[in-house]
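Worksheet: the structure to be examined is printed underneath.
Just so you know, residue 1 is the first one in the sequence shown, and it goes up from there.
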Amino acid sequence: MADEKKVLMGMSTVALKTAVKEMGMPAFSGGQIARWLYQQHVTTIDEMTNISKLNRERLKELFTVGAMPPIDCQRSQDGTVKYLFPVRTTAGTGQPAKFVETVFIPDDDRATLCVSCQVGCKMNCLFCQTGKQGWEGNLTAADILNQIYALPEREQLTNIVFMGQGEPMDNLDAVLQATSVLTADDGYVWSPKRITVSSVGIRGKLKRFLDESQCHVAISMHSPLHEQRRQLMPAEGQMTIEEVVALLKQYDFTHQRRCSFEYICFGGLNDTLVHAREIVRLVEGLECRVNLIRFHAVPGVDLPAADEQRMERLRDYLTSHGVFTTIRASRGQDIFAACGLLSTAHKSRDSHQ
């Protein structure tokens, strides 16, 4: 069986120059390819018209661009669109027929894309549909970038958040490679301040991200109390929220780079005055913001949603004690935009064919 072609998408200019030199092509061809990929968004090597026909044919023998359009989508009444993208490789297995969800969220003069970085997730947070799928592999940098590259609304994007399926720090090499391409002068030329990467907090990996990237960081807190957070999020047993915040306090978030905490509110469970006081204590001295999120029902998850009054009370307490806090507007609720339901449905359907 012939070897599978390598994917150009996701490669840096340095990597592209090395690859073409090994093929006997001039090094500057690597820069040309990068511009065709990340600024012109070509879908075939034949479209790279300032590369000689002979060299294009040589490239085609070994490489493919790697762009793959979404295979399904769901559109919300509020304009949110959830796409289902195929992924070519996961964890280096080369196996097809795996999918991830990507959510496009337009909002006046902003348009945010929520991208995935893994098929399934190892973190197994109690309230998350994706975690219930189990983990099936890491996306490559190409898989991650394809969610942007092949997005119909690509030209409208103003922000990207790594808050889709998977834990970014558990696939850090690919996430850093993807964000490097997004921010490179010969890549997408995006400011890192337009990109937010989320994490539950992974020992060693979170520090590396903070050291090697200037993108915003968003920590999934969901409870400031150790035992309760461990019940909601098993990752608390590996790196506690106390340790996460202590690490964050070693970095400067007083300028453009931003630190935030994601906090899903469960009625009567994590939205009490006890929790409010503990959050204030925990983040004291850290320039940050807290985003309160409404909990929407997930199949098989028996957790209560906090009502508006309780969320407002929590917000007002935190704000009055110096913690900038917002209640995030719910988007795409009618298509379960925050869940892994679309990919779960396709997985179930494929397994019965």
- request: For the pair Y83 and F85, name the ring-plane relationship: parallel under 30°, tilted 30 to 60°, perpendicular over 60°.
  value: tilted
### Query
Given the rule that I, L, V, M, F, W and Y join up when any side-chain heavy atoms are under 4.5 Å apart, are W190 and V217 in one cluster?
yes
Nearest heavy-atom approach of G10 to V181 is O-CG2, 3.8 Å
Item to check | Distance-only side-chain donor-acceptor flag, D316 / T319, under 3.5 Å | outcome: no
*Okay, side chain of E236, backbone of Q231: is any donor-acceptor separation there less than 3.5 Å?*
no
Item to complete: Please step through side chain to side chain contact (heavy atoms under 4.5 Å, CB included) for the pair V7 and T140, ending with a clear verdict.
Response: CA-CA 10 Å; V7 176; T140 63; over 6 Å; no
- Item | NZ/NE/NH1/NH2 to OD/OE distance under 4.0 Å, E61 and K5 | no
Starting from the C-alpha separation in whole Å, work towards a yes-or-no answer on side chain to side chain donor-acceptor pair (under 3.5 Å) for T80 and D78. CA-CA 6 Å; T80 300; D78 65 18; 2.8 Å; yes
### 4.5 Å side-chain heavy-atom contact, F63 and M23
yes
**OP:** Would you kindly confirm whether M25 and L37 end up in one hydrophobic cluster when ILVMFWY residues are joined by side chain heavy atoms under 4.5 Å apart?
**Re:** yes
Worksheet item: Does one side chain, of S116 or E101, offer a donor that lies under 3.5 Å from an acceptor on the other?
Response: no
Any S198 side-chain heavy atom under 4.5 Å of P168 side chain:
yes
- Can the ring centres of Y188 and H41 be said to be less than 6.0 Å apart? yes
Looking only at side chains, do T240 and E243 share a donor and an acceptor under 3.5 Å apart? yes
Heavy-atom nearest pair, C117 first then V175, reads CB-CG2, 4.1 Å
*asked:* Go through it in stages, so that I can follow the logic: the residues are N55 and M48, the test is side chain to side chain contact (heavy atoms under 4.5 Å, CB included), and I'd like the CA-CA distance, side-chain angles, deciding distance and then a yes or no.
replied: CA-CA 10 Å; N55 282 335; M48 302 178 183; over 6 Å; no
For residues 258-275, the side-chain hydrogen bond (donor to acceptor under 3.5 Å, both in side chains) pairs (sequence neighbours left out) are Q228-H275, E262-N291, E262-R328, D271-R310, T272-H275
Hits for side-chain contact (heavy atoms from CB on, under 4.5 Å) against D252, two or more places apart or cross-chain, chain-then-number order -> T254, H255
*Is the closest side-chain donor-acceptor distance between T43 and E47 under 3.5 Å?*
yes
Minimal heavy-atom distance between I45 and R56, with the atoms involved, is O-CD, 3.4 Å
same_hphob_cluster(I148, V65) at 4.5 Å side-chain heavy-atom cutoff = yes
Exercise for the section: Decide if the gap between the ring center of F253 and the ring center of H216 is smaller than 6.0 angstrom. Expected result: no
Review point. Hey, are N124 and W135 close enough side-chain-wise for a donor-acceptor pair under 3.5 Å?
Key: no
